[in-house]
Amino acid sequence: MQALAQKPTTAKETTQDPAARSEVFGKSVFNEDRMLRFLTEDAFKSVKAAISAGTKIDRKIADQVAEAMKAWAMTMGATHYTHWFQPLTGSTAEKHDAFFDLLPDGRAIEKFGGSQLVQQEPDASSFPSGGIRNTFEARGYTAWDPTSPAFIYGKTLCIPTVFVSYTGEALDNKAPLLRALHAVDEAATAVARYFDKNVNKVIATLGWEQEYFLVDKALARTRPDLVLAGRTLLGQAAAKGQQLDDHYFGVIPHRAFQFMKDLEHECMLLGIPVKTRHNEVAPNQFELAPVFEEANLAVDHNQLLMDIMDKVGGRLGLMVLFHEKPFSGINGSGKHNNWSLSTDTGTNLLSPGSTPMKNLQFLTFFINTLKAVDTYEELLRSSIASASNDHRLGANEAPPAIISIFVGKQLAGVLDELEGVSKGKLSPEEKTELKLNVVGKIPEILMDNTDRNRTSPFAFTGNKFEMRGVGSKTNCAKPMTVLNTIMARQLKEFKSEVDALIEKKKLRKDEAIFNVLREYIKASKRIRFDGDGYSDAWQKEAARRKLSNNTNTPAALKVLTAPDTLELFGSMGVMTETEIRARKEVELETYCLNVQIEGRVIGELVYNYVIPAVVGYQNQLLQNLSGLKEVFGTGHKKMGAAQLSILENLSFHLQELKVKIDAMTEARKNANAIGEVGERARTYCESVLPFFEEIRYHSDRLERLVGDDYWPLAKYRELLNLK
């Protein structure tokens, strides 16, 4: 099978690195520099106001912007434009139109106006909508998002947009994210102004870390499971996997390095600020990470990145795997979301400062984050739920399904000190003690607090929180929408409580803040955990603390339509009840379809690949035994004892394999007959999915027994040996 592997691409066939990345960074982006060159002063100011304050852009200005975009795009060789959006499929979508029109006299012109820039009408009934749109109600709208700059991809001007139905409901992942970012901006700005009256805006920032696998494309194409399901549904573990820990941070293999170079060049052109690359723990597993960006732009860049990775990999004869668990027995892949809040004055609100007041600001946002996650831990868990991520969460290399927060021993000590703050007014001595010896020492504490807990789903890492449970192919918009929404709600409640103490109890501002924070520390204590997330003791302790432990997607998604969830999203203006219920239905339907597809692929693999290979090898053994009988007569049984033993094992596992496949197929038929999608998803999870591992067990035993020349599927030792 190794002979199928493609010859490594030479350096001459690939993109060459520029002398300096800064020379090409953003070259294919209609960024601020290009706007200054191509827009009128009024148009530039209007677009900047839309980006910073969310103001609407006048149609006349939109016409000017469109003309400028077209002029710039054509200088870059673009011939088409598209509204680039993120439907509920989890990926991106686009429909290309040419810069082309006919005049009444039949002459051709290049045309692109404000109406084409601002809005288009793609078919809304052909995307997942959870019942919002029916087939006969096809109309939907994509609307320009000026906060994310347009870019040239290939020969097409791509305009980031939101996607909504004819009746106004969001049909994508971007619209709710933008609403959540607006909500957290308003709430966080109000709180930040306790400490700095010059703050006018708070920006949620995101730095994702993208893990992925690279495999030889020719080898991968021998595997219908990799092609159709993104993971190996069958496959015996290689003798050498990750047990020697020799891949992590090791020398990057030649073909992977060439892929990274080409990928990073493409990213530089498109303004994606990738900075870090390295080998990950599992063989053929790698990671890249960018510089932090505004959350909406970061989400767009991550979605674009995954498409670029597929295209670059294809050019180099590689397949990129984003599935959270493409190979059994070795680590899976995540997409760690590093989140923080920053002001328009340049302050990271989750980073301590040089004065006690700045550190009180840090504690305010830090403790409010703890409280928000504690209150909505089950909702946060739902945002990372998927059929593929279920295989990774709790698999001893990723966080467990139980949401908890790691803060480190030193910060835990600070919280313990603050928990003892007196109720009401503080004495001068207590104020001095708090400001000098508790709050004042936080920078020194964090300087030495470099420990990390890799089993923590939500860890504080010095100046940000790292959400580690996000799956490698998940759209970051989903967890970011939830996180920013719950933070917005929490900060609004915090400000309301602080203001009440100031007005009604006549407390000073810092006294009121300390009083409220003290109660939040007490209330959110259960969410803090610094130990081993996989230990039996933690499982029991988490249950005692009444933390949710939703180990599969159908269970995790139940919270979406709980009254508290509907009230939260509705009151914060992020999603209506109709939008939330639609998303839940889409997620459940997607879960069912993913498991259904995998079940069908397993059946195809067993009947079309495994069984013929086993029968062919059995025939070879039988022919061998027949020859032995001819030569040795009655002594052939002794001479062929090994062959007979292998034949017996082959027959046993083959029979069990067929029994399990047929039972799984019947269970799938029963699940498909269930109308209500929640019950259908639960049945797929509990009655169909368990057969997968049983089938795999018998198939992998057969792979171990059957001669290599007879096995038609690329094996782990071949797939995971990229050179």
Side-chain angles (χ1 to χ4, degrees), residues 187-199 202 340-341 343 345 347-375 405-449 460 462-463 465 487 489-530 545:
T189 297
V191 173
R193 287 175 66 85
Y194 279 144
F195 308 96
D196 183 356
K197 295 295 184 184
N198 295 315
V199 173
V202 170
S340 190
L341 296 170
T343 68
T345 58
T347 298
N348 180 351
L349 295 171
L350 286 173
S351 182
S354 56
T355 67
M357 184 56 75
K358 288 181 179 178
N359 291 329
L360 181 55
Q361 175 179 264
F362 156 72
L363 282 172
T364 294
F365 286 90
F366 175 76
I367 294 168
N368 270 281
T369 306
L370 302 187
K371 181 66 167 58
V373 174
D374 176 71
T375 304
I405 300 180
F406 170 83
V407 300
K409 291 180 180 177
Q410 293 89 344
L411 269 179
V414 172
L415 297 181
D416 290 342
E417 291 265 11
L418 291 174
E419 192 178 341
V421 170
S422 298
K423 190 171 184 178
K425 292 187 178 181
L426 308 181
S427 67
E429 294 78 17
E430 190 171 17
K431 277 190 180 182
T432 301
E433 171 66 18
L434 283 172
K435 290 183 177 179
L436 294 182
N437 297 322
V438 179
V439 177
K441 290 187 176 180
I442 288 175
E444 299 168 29
I445 288 170
L446 292 185
M447 192 176 297
D448 297 326
N449 185 20
F460 183 69
N463 60 359
F465 281 97
M487 193 61 181
R489 162 59 73 84
Q490 179 55 49
L491 289 170
K492 284 189 72 173
E493 292 180 355
F494 170 77
K495 187 170 190 305
S496 176
E497 291 182 47
V498 170
D499 287 348
L501 289 178
I502 293 171
E503 293 167 14
K504 296 176 183 178
K505 300 292 184 180
K506 306 304 179 185
L507 296 185
R508 294 175 61 86
K509 179 176 65 178
D510 54 352
E511 291 176 327
I513 290 171
F514 275 126
N515 270 258
V516 176
L517 292 181
R518 178 196 62 227
E519 298 306 313
Y520 286 177
I521 292 168
K522 293 177 181 177
S524 62
K525 248 183 159 178
R526 66 166 190 158
I527 203 71
R528 285 158 43 197
F529 176 66
D530 291 356
R545 297 187 189 185

* How far apart are the C-alpha atoms of Gln361 and Thr347, what are their side-chain angles, what is the distance that settles it, and do they pass the side-chain contact (heavy atoms from CB on, under 4.5 Å) test? -> CA-CA 10 Å; Gln361 175 179 264; Thr347 298; 3.6 Å; yes
* Output, in order, the C-alpha distance, side-chain angles, deciding distance and verdict of side-chain contact (heavy atoms from CB on, under 4.5 Å) for Lys423 and Arg518. => CA-CA 9 Å; Lys423 190 171 184 178; Arg518 178 196 62 227; 3.5 Å; yes
* Is it true that the side chains of Tyr520 and Glu419 contain a donor and an acceptor less than 3.5 Å apart? -> no
[atom2] on [Y] to [atom1] on [X], rounded to 0.5 Å:
X	Y	atom1	atom2	answer
Ser351	Leu341	OG	CG	12.5 Å
Asp499	Glu503	CG	CD	5.5 Å
Glu417	Glu433	CD	CD	6.5 Å
Phe494	Ile513	CZ	CD1	5.0 Å
Lys435	Leu426	NZ	CG	9.0 Å
Leu370	Ile521	CG	CD1	8.0 Å

Is a donor on one side and an acceptor on the other found under 3.5 Å between the side chain of [X] and the backbone of [Y]?
X	Y	value
Asn348	Asn463	yes
Arg528	Phe406	no
Arg526	Asp374	yes
Asn359	Ile442	no
Thr369	Phe365	yes
Thr343	Val202	no

* To do: Show your working on side-chain contact (heavy atoms from CB on, under 4.5 Å) between Phe362 and Val439 and close with a plain yes or no.
  => CA-CA 9 Å; Phe362 156 72; Val439 177; over 6 Å; no
Pairwise side-chain contact, [X] with [Y], heavy-atom cut-off 4.5 Å (strictly under):
X	Y	value
Leu418	Leu434	yes
Ile405	Phe529	no
Thr364	Phe195	yes
Val414	Gln410	no
Leu360	Phe514	yes
Val421	Leu517	no

Of all the heavy-atom pairs spanning [X] and [Y], show the shortest one and how long it is.
X	Y	value
Gly462	Pro352	O-CD, 4.2 Å
Lys495	Ala190	CD-CB, 3.5 Å
Ala192	Val199	CB-CG1, 4.0 Å
Ala523	Lys371	CB-CE, 3.8 Å
Glu430	Gly420	OE2-O, 4.0 Å
Ser422	Asn515	O-OD1, 3.8 Å

* **Salt-bridge present (Lys409, Asp530; N to O < 4.0 Å)** => no
* To do: May I ask you to decide whether Lys431 forms a salt bridge with Glu511, counting only side-chain N to carboxylate O separations under 4.0 Å?
  => yes
* Asked: Just wondering, are more than 12 heavy atoms of other shown residues or ligands nearer than 6.0 Å to NZ in Lys425?
  -> no
* To do: Count the heavy atoms belonging to other residues, nucleotides or ligands that lie under 6.0 Å from NZ of Lys505, then report whether that count exceeds 12.
  => no
